[in-house]
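Here is the structure we will look at, set down as structure tokens.
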Amino acid sequence: MEEANDEQDRDHKFLTIAVQEAYKAVECGDGRPFGAVVVHNDEVLVSCHNMVLKHSDPTAHAEVTAVREACKKLNCIELSDCEMYASCEPCPMCFGAINLSRIKRLVYGAKAETAVAVGFNAKASGGTGKAQLEIKKADGKAALMAEEVFEKTRGKFPIC
């Protein structure tokens with residue numbers, strides 16, 4: 001029972017920092033109320049908030065920013081020894097970044113529905129509903145050319 005309490009206390013400690021970052025995003029005008037913390041060896045490696053407005057970058061979500069900054073600090077693209085604490089359940093893009101970085105554990109505070117209820121769109125369909133995205137797989141020569149790049153570059157880059 002004590003071990004569960006220790007984990008709960010630890011989660012609370014790091015999630016508190018992520019929530020503070022969410023407030024900071026709004027207070028300084030950088031972005032929306034989302035924060036994320038990457039923990040490595042029980043220490044905060046990076047603490048980030050949403051930077052969408054500051055950078056005019058729709059991908060500058062707190063979690064993506066945290067993954068980017070953590071990778072820079074550790075000088076690698078794999079964060080398998082790290083955990084992430086996010087103020088809110090990550091959107092599909094952020095979850096993809098977390099998954100690709102191989103973070104070993106994700107703890108989030110608010111459910112995505114809480115953000116959706118106040119106007120944020122965290123659904124896999126994405127967007128605000130103002131525009132429809134057409135997705136089509138190319139065919140013919142264009143598709144073949146795009147597929148060949150993998151075969152032609154095999155062995156020229158590290159696979160994680």
Side-chain angles (χ1 to χ4, degrees), residues 1-131 133 149-150 153 156-160:
M1 186 71 165
E2 187 176 316
E3 188 175 307
N5 286 338
D6 288 345
E7 183 175 281
Q8 190 174 20
D9 290 345
R10 184 177 180 283
D11 289 350
H12 183 269
K13 171 186 167 183
F14 293 123
L15 194 54
T16 297
I17 299 168
V19 170
Q20 289 169 345
E21 285 287 344
Y23 280 114
K24 188 176 175 183
V26 175
E27 290 166 5
C28 66
D30 286 346
R32 310 294 198 256
F34 299 94
V37 174
V38 174
V39 175
H40 182 251
N41 295 331
D42 287 328
E43 298 289 329
V44 173
L45 179 65
V46 296
S47 180
C48 301
H49 57 265
N50 183 285
M51 303 286 274
V52 167
L53 300 176
K54 181 175 183 172
H55 297 307
S56 298
D57 178 358
T59 69
H61 290 196
E63 300 90 339
V64 171
T65 301
V67 166
R68 289 173 180 161
E69 292 302 315
C71 287
K72 283 181 193 174
K73 271 198 166 177
L74 295 176
N75 194 31
C76 67
I77 61 170
E78 186 178 302
L79 303 173
S80 59
D81 290 338
C82 297
E83 301 168 276
M84 179 177 284
Y85 291 83
S87 62
C88 186
E89 182 178 2
C91 74
M93 176 187 69
C94 292
F95 182 75
I98 293 163
N99 192 43
L100 285 171
S101 71
R102 297 194 174 122
I103 285 177
K104 68 179 176 182
R105 184 169 183 256
L106 167 68
V107 177
Y108 66 87
K111 292 182 65 75
E113 289 81 11
T114 306
V116 170
V118 297
F120 293 101
N121 189 351
K123 297 177 189 165
S125 58
T128 60
K130 295 178 184 172
L133 172 65
V149 71
F150 296 100
T153 61
K156 294 182 180 181
F157 52 85
I159 298 288
C160 298

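Values below: every heavy atom of this structure, side chains too, minus hydrogens, waters and symmetry copies.
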So Thr65 and Glu21, side chain to side chain contact (heavy atoms under 4.5 Å, CB included) or not? Walk me through it.
CA-CA 12 Å; Thr65 301; Glu21 285 287 344; over 6 Å; no
Restricting to side chain to side chain contact (heavy atoms under 4.5 Å, CB included), what partner residues turn up for Ser56, sequence neighbours left out?
none
Partner residues of Ala66 under the side chain to side chain contact (heavy atoms under 4.5 Å, CB included) criterion, sequence neighbours left out
Ala36, Val38, Val46, Cys48, Met84
Which residue pairs pass the salt bridge (Lys or Arg N to Asp or Glu O under 4.0 Å) test with at least one member in residues 28-43, sequence neighbours excluded?
Arg10-Asp42
Taking every heavy atom of Glu78 against every heavy atom of Ser80, the minimum-distance pair comes out as OE2-OG, 2.9 Å
Could you go step by step and tell me if Arg105 and Tyr85 meet the side chain to side chain contact (heavy atoms under 4.5 Å, CB included) rule?
CA-CA 8 Å; Arg105 184 169 183 256; Tyr85 291 83; 3.1 Å; yes
How far apart are the closest heavy atoms of Leu79 and Ala70, and which atoms are they?
CD1-CB, 3.9 Å
Holding to side chain to side chain contact (heavy atoms under 4.5 Å, CB included), I want the full list of residues that pass it with Lys13, two or more places apart in sequence or in another chain.
none
Taking atom NE2 of His55 as the centre, report whether more than 12 heavy atoms of other residues, nucleotides or ligands fall under 6.0 Å from it.
yes
Check ion pair Glu27-Lys24 (N to O, under 4.0 angstrom):
no
Looking only at heavy atoms, which two atoms of Ala22 and Gly35 are closest? And how far apart?
CB-N, 3.7 Å
Atom CD in Glu63, atom SG in Cys91: separation rounded to 0.5 Å?
6.5 Å
Minimal heavy-atom distance between Val64 and Met93, with the atoms involved, is CG2-CE, 3.9 Å
Within a reach of under 6.0 Å around NZ of Lys104, are more than 12 heavy atoms found that belong to other residues, nucleotides or ligands?
yes
Can you give me the closest heavy-atom contact between Val52 and Asn50, atom names plus distance?
N-OD1, 3.1 Å
The side chain to side chain contact (heavy atoms under 4.5 Å, CB included) partners of His40 (sequence neighbours excluded) come to Leu45, Leu74, Asp81, Cys82
Do you know the tightest heavy-atom contact between Ser101 and Val67?
CB-CG1, 3.8 Å
Distance-only donor-acceptor pairs under 3.5 Å for side chains of residues 106-118, two or more places apart:
{"residue": "Thr114", "atom": "OG1", "partner": "Lys111", "partner atom": "O", "Å": "3.4"}

